Structures are given as C-alpha cells and as structure tokens.
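A short write-up of the structure that comes next.
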Amino acid sequence: MRSWCLSLILWSAQACAITQISLSADSISSDLFQLDKADAVLDLRSKQQVKINASRLQLGDATLDKPNISLDISQRPTLLITSDQLQMPAYQVRHPRIFLDYRHQNRLPVLSLDAEVKAVHDEVWGKFHLDCLVPAQAASETWRCADGLYSDSRSHIPFDLLVTPSWKSLADTAEMAKGVELDLSLKQAKFSDAAGLHAAEKLSGKIHLSAHQQAGGWRWQGVVDWQQGELFWQPFYFADGNKRFEIRGFYKQPYLDIEQATLSLPGVGTLHSQSRVNLVSKAFETLKVDASDVDFNGVYQAFIQPLIPNSAFGHLQVSGKADWSFEAQGLQPLKFHLNIADASVEDQSGKFGFSHFNADIPWDYDQPKQISMGYQSGHILKVPLGRTQWQAEVNRYSITSPSLKLPILDGALDFQDISAAWINQSMVWHVKMAMQPISMAQFSQALDWPVMRGQISGAVPLITYANHELRMTGDMQFRLFNGMVGMSDLDIADPLGAVPKLHANFTMRDIDLGEITRTFNFGSISGKLEGDIKHLQLQNWKPVYMDAIIQTADGPFEKKISQRAVENITALGGEGTAAALQRTFLRFFKEFGYEKIGLRCELRGDICKMGGVEAIPDGFVIVKGKGAPSVNVNGYTQYVSWKDVLARMQRVTDSNSKIIID
C-alpha cells in the first residue's frame with residue numbers, strides 16, 4: 001500500500017512538473033535519536049536524494065545544533081550528518097561528521113564518526129575518528145568499532161572499542177535499567193596536558209566497563225588490565241605496566257566516583273582505594289588509599305616519595321613491610337596512618353640510616369595523635385647510633401615531645417622540650433640539648449679524624465630551625481684535652497640540602513699541649529694551648545672562609561718542645577719552612593725551650609694566608625725559642641692551598657715528615 005501511494009505521488013508530481021517535495025515534522029524519534037523541527041526535501045530529479053535540516057539532533061547525551069542531513073535512498077543507502085558544533089558534557093566538539101554507509105554488499109553497514117574535540121578548559125583541539133560496524137539489531141547487538149584514534153599536539157591515542165547495549169535490573173526493584181557494556185583496547189597510547197601534571201607514554205591495556213543508568217547518572221563497574229607503559233598523574237608515577245585495577249562506582253557529570261578500587265601492583269602488593277575525580281578540572285577531589293602487609297619500598301616509591309620529593313626523606317632506600325592508609329581532599333591530606341615493621345631506612349646520600357626500624361605513625365587533620373618509633377641501630381653521617389625509642393604527639397601540622405635520648409657511641413644526646421611544626425611549606429622546630437660524655441677516641445675514628453683522647457660533653461640552651469636554617473642560641477662548651485672548646489653563633493643553612501652552609505665561631509682555652517701532642521703522635525710539647533677560629537664558613541661541610549689563630553698561652557708553666565715536635569711543625573709549615581738551632585752542636589739535644597708557638601690562617605676560598613707569632617723579613621715565626629738550648633722555626637711560604645695544609649696535617653699524623661735543619 002505504501003509503495004503504491006509513493007508511486008502515485010511520484011507519478012502525480014511528474015505529471016504536474018513538480019521538481020521537489022518538502023515534508024516537515026515537529027519531532028522524529030527512536031531508541032537511538034531524536035530529531036526536532038525537521039524539514040525534509042526530496043529532489044524528484046534524482047529521486048534518491050533527501051536533504052533534511054533540523055534545529056536539533058539528540059544522540060544520547062550529545063546534541064547537534066542545526067544539523068545538515070543528506071540521505072541517499074537508493075537500494076544501498078548512505079546517510080551523512082554534519083554540523084558546526086556538537087554539545088557534549090565537559091567537551092567542546094566542532095565540525096562533527098557522521099557517515100552511515102550501506103553500500104558494502106559483503107559486510108555490515110559502517111558508521112564513521114569524525115570531529116574536532118577538546119575539553120572545555122583546554123586550549124588544544126584534537127581530531128577524533130572511529131569506524132563502527134552497525135549490527136542488524138542495533139539496540140541489542142554488539143557494535144564493533146576499530147581504528148579509533150584521538151590525536152592532538154600532545155596526544156596520540158589509538159584504540160578499538162566494543163559496545164554492547166544491555167539491560168539490568170536495579171537492586172530491590174523490578175525496574176530494568178538501560179545500560180551498555182564497553183570493551184576498550186589501547187595500543188601504544190601517549191598523552192600529556194599543558195600543565196605537565198598528567199601524562200602517559202606507550203600505554204597499552206584493556207578496559208572492560210559495564211554501566212547502567214540510575215538516578216540521573218550511570219552506575220558502573222569494570223576491570224582495567226594495564227599491560228605496559230608509563231603513567232604520571234601528579235604527584236604519582238607508575239611504570240612497567242602489568243597492573244590490574246578492579247573498580248566500581250557512579251558517574252554523574254562532572255564527577256566520577258570510584259566507590260571501590262582494588263589495585264594489584266607488582267613490587268607493592270594489593271591496595272584498596274576510593275576517590276572522586278572532577279573530569280572537568282582533571283583533579284582528585286577526594287582520595288582514600290589503604291593497604292595491608294605491603295612492601296614498604298614499593299609503597300614508599302609509588303605513594304610516599306611523590307608527596308615529599310624535596311624533603312629530608314625524599315630520597316631513601318627502604319625495605320620491610322608496612323600497613324598504610326591515606327586520605328586526602330583535593331590532594332590536601334586529611335588522614336594518614338603508617339605502620340612499619342622491621343624495616344631498614346637509608347638516605348641515598350649517606351646522611352642518615354636506621355636498621356630494624358619500627359614505627360606507628362597515625363595522623364589526623366582534626367584530632368591529635370600519639371606516634372611512636374624506634375630502631376636497634378643507625379647512623380647520622382658516619383657516627384653510629386644506639387638503640388632508640390621515641391614517643392611524641394602530632395597535632396595537625398605540629399609535633400611535640402618532652403624528651404628524646406639518642407645514644408651515640410658510649411654517650412648520648414638528651415633532647416628536651418622538642419617542638420616542630422610545618423608552616424608555609426617549611427619545617428620549623430626548636431629543642432634544648434645536653435650531651436652525655438662521648439669518647440673522643442670513638443667519635444674521631446667514626447669521622448675519620450685523627451684519634452683523639454678524652455671526652456666530649458656539653459649543653460646547648462636552645463637550637464632552632466626555620467626557613468631551612470638551623471641556629472644555636474647561646475654558647476656550647478665541650479671539655480676536651482683537660483681544657484675547654486667553645487662554639488658560638490652556630491648557623492647552618494639548609495643542613496639536609498644538597499649544599500649546606502655553616503657559620504660558627506670557636507674558642508679554645510687551657511688545652512693541655514701534652515695531651516694533644518700525644519693524641520696526634522706529634523712529639524712532645526709542654527704548656528697550654530689557646531686559639532680562636534672566627535667567622536668559620538663551610539660549604540658542603542668544607543671550609544671556605546675563616547680567620548684562625550692557634551698559639552701557646554702565657555703562664556707560669558714549663559715550656560718545652562721535643563725535637564720530634566720541631567720536625568713535625570717544620571713539616572707542617574711546608575716547603576720554605578726551616579728550623580734553626582742556636583748552635584750546631586745543640587742539634588743533638590732531645591728537647592728545647594720556647595717562648596711562643598703559633599700559627600695563623602686567613603682562609604679565602606681554597607687559599608690560606610699563613611702567619612705565626614710574629615713577622616720577620618719575607619716570612620713569619622712559628623716557634624720562637626727561649627733559653628738554652630732553644631730552637632726557632634720560621635715559615636717563608638705565605639700563601640698556601642688549603643688542600644696542601646690538610647695534606648701536611650695528614651703526613652704529620654702519619655709520622656712521615658723529616659726535619660730539615662739549617
């Protein structure tokens with residue numbers, strides 16, 4: 001009947017010389033689309049071409065404004081839909097082109113999609129292409145889409161896609177929800193954003209996703225099988241693929257809620273997470289992660305290190321097992337709990353390390369928490385540490401503790417009134433410190449110094465750290481070689497950084513020369529030693545500036561120097577230094593009298609301007625003799641490399657020097 005009517009219309013049109021027929025409709029709809037205010041024009045001269053203009057074409061959540069539709073109604077028809085723009089949540093689409101082709105006899109019809117696409121808040125437009133085979137039952141059978149590609153100046157994402165319409169009963173109701181099953185395959189994909197906060201390289205894997213409409217959004221679940229490639233999502237980085245994500249959640253524009261995700265990461269363990277992602281801003285609004293009995297090193301590298309890359313704990317080698325949980329809002333931490341069992345921690349630059357380390361570290365933005373940690377052994381620089389336990393209270397971004405005893409060699413550091421806080425992206429703290437006597441022999445050996453005798457002890461009224469700078473308030477005094485060594489004005493900039501800088505002043509009073517010369521295998525000198533090192537500056541723990549003077553003290557005590565000590569002082573003075581005896585035959589005496597012994601060094605960079613107890617033409621006096629027998633030692637090389645000075649000290653302590661007597 002319909003064919004007869006159409007034939008009658010066409011015959012009538014020809015008989016009346018009509019060249020086209022126009023039809024209008026307020027709305028044309030099906031399960032796949034809705035066309036509003038459509039005007040169709042049939043060109044009777046070709047009899048196979050229909051042109052349709054409309055105000056809007058709705059395809060799911062996508063809307064084409066003022067689409068132009070060309071329909072070929074031959075035996076094997078085609079359909080072409082174009083528009084200036086397509087409205088789609090979170091994306092801008094321009095020049096969309098939809099082409100449906102029934103001309104192929106030996107296969108299913110092909111639906112091709114092409115457009116220029118960008119995210120709403122992005123500036124880069126990309127090209128999108130996808131070819132899909134249209135099944136005979138389009139509303140219920142699988143659509144097989146191949147050769148998909150999205151590309152722009154920063155991205156190249158090839159993919160294949162299987163789309164299967166489905167229905168699912170909602171929980172506790174008899175209602176059926178319309179949905180879809182998606183199987184997406186990525187092949188060597190790469191992408192990045194303008195800010196450099198998100199990127200991937202050689203990303204390959206498969207995603208299975210099942211989604212059904214519910215409450216104005218989509219209830220979904222799926223599995224991500226990441227086979228290979230690298231992914232960076234500020235601040236986290238994952239590489240090497242071979243990871244599996246099982247996820248479920250709810251999507252309602254613009255939010256993607258991941259209600260439960262199970263992440264299997266080689267070298268780490270299994271982690272569980274929940275999060276909310278704003279797809280417009282591409283940012284985590286909430287994030288929760290927890291894991292039990294996972295590899296501490298894997299957790300550190302994947303999740304802890306990225307959050308603290310520039311801190312003192314940003315470059316560690318760790319081992320052991322850990323339980324870990326983390327909760328954040330907009331990557332602003334809210335809760336954190338780390339429990340570490342029998343781990344080792346070693347700073348890669350050798351600044352510190354701990355073995356058999358155990359810790360229970362809870363943290364909550366809103367509530368104070370008690371933390372505890374300890375280790376069986378450790379080190380700071382090369383100084384070994386003994387067994388230590390510590391408890392403290394952490395309150396938001398501050399931590400306090402009444403005391404901490406840190407065993408060092410055969411003594412200890414006692415810290416009191418410990419207080420620290422994280423302010424303006426920087427750590428601030430203060431502490432009082434007392435030092436229980438530590439063997440100088442063990443301490444000097446640990447630092448590869450010449451072996452010293454005696455003990456080191458003292459106290460510091462207050463040490464503060466702020467703006468990456470450590471300061472000492474008051475003087476610290478050490479009992480050493482039966483005398484006193486004082487340190488004042490200590491200031492260390494960036495002490496745990498790549499290039500720490502130290503400033504301090506030192507004083508020495510009543511040092512027993514007999515003790516110190518025996519310690520350094522220097523020969524014998526009786527008397528007392530005093531000295532000042534002013535404006536000492538170290539860069540990366542190496543001296544670059546100081547005004548130093550070390551000399552014997554005045555007083556009513558015996559002043560004798562052995563020939564061995566004369567030899568070593570002469571060697572310490574270096575080339576151009578000479579020891580002159582009062583009379584040649586007195587060279588056979590084992591010890592001599594002296595009035596004054598002293599050396600000066602004005603260090604600037606690597607050059608030390610040398611001096612002694614007094615100046616002489618073209619030189620300076622290091623040892624000024626007195627009485628009989630006596631000896632004078634003079635130096636004539638005024639400018640010396642600091643490296644040479646250190647080398648001379650090493651040779652002297654190794655007893656490799658020989659006297660040169662004029």
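Everything numeric in this text was worked out from a predicted model, so none of it was measured.
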Sidechain-backbone polar pair: W422 side chain, N424 backbone, donor-acceptor under 3.5 Å: no

What do you reckon, is NZ of K335 surrounded by more than 12 foreign heavy atoms closer than 6.0 Å? no

Is the backbone of L316 close enough, under 3.5 Å, to the side chain of Y300 for a donor and an acceptor to pair up by distance? yes

Spacing of CG belonging to L287 relative to CD belonging to Q329, to within rounding of 0.5 Å: 11.0 Å

Just wondering, are more than 12 heavy atoms of other shown residues or ligands nearer than 6.0 Å to CD in Q348? yes

Does D417 pair with K432 as a salt bridge, N-O distance under 4.0 Å? yes

Aromatic ring proximity, centroids under 6.0 angstrom, Y251 and W218: no

Judged by atom type as modelled, is there a donor-acceptor pair below 3.5 Å linking the side chain of R154 to the main-chain atoms of S192? yes

So, using side chain to side chain contact (heavy atoms under 4.5 Å, CB included) as the criterion, who are the partners of H356 when residues are at least two apart? D342, Q376

SB check K528 D510 (cutoff 4.0 Å): no

Electrostatic pair D414-K405, nearest N-O below 4.0 angstrom: no

Taking only residues at least two apart or on different chains, which pairs with a member in residues 386-395 satisfy side chain to side chain donor-acceptor pair (under 3.5 Å)? Q370-E393, Y375-T388, W390-S401

Between F326 and W363, ring centroids under 6.0 Å: no

Considering all heavy atoms of both residues, which atom of N358 and which atom of A341 are nearest to each other, and what is their separation? OD1-CA, 3.5 Å

Does R509 CZ have over 12 foreign heavy atoms under 6.0 Å away? yes

Does N467, at its CG atom, have more than 12 non-hydrogen atoms belonging to other residues, nucleotides or ligands within less than 6.0 Å? no

Over 60° means perpendicular and under 30° means parallel, so tell me whether Y465 and H468 are parallel, tilted or perpendicular. perpendicular

I'd like to know whether NZ of K321 has more than 12 heavy-atom contacts from other residues, nucleotides or ligands below 6.0 angstrom. yes

For N505 and L536 the tightest heavy-atom approach is OD1-N, 4.4 Å

Might you confirm whether atom NZ of K501 has over 12 heavy atoms from other residues, nucleotides or ligands at distances under 6.0 Å? no

Do you know which of R600, R604, K609, K534 makes salt bridge (charged side-chain N to carboxylate O under 4.0 Å, His left out) with D547? R604

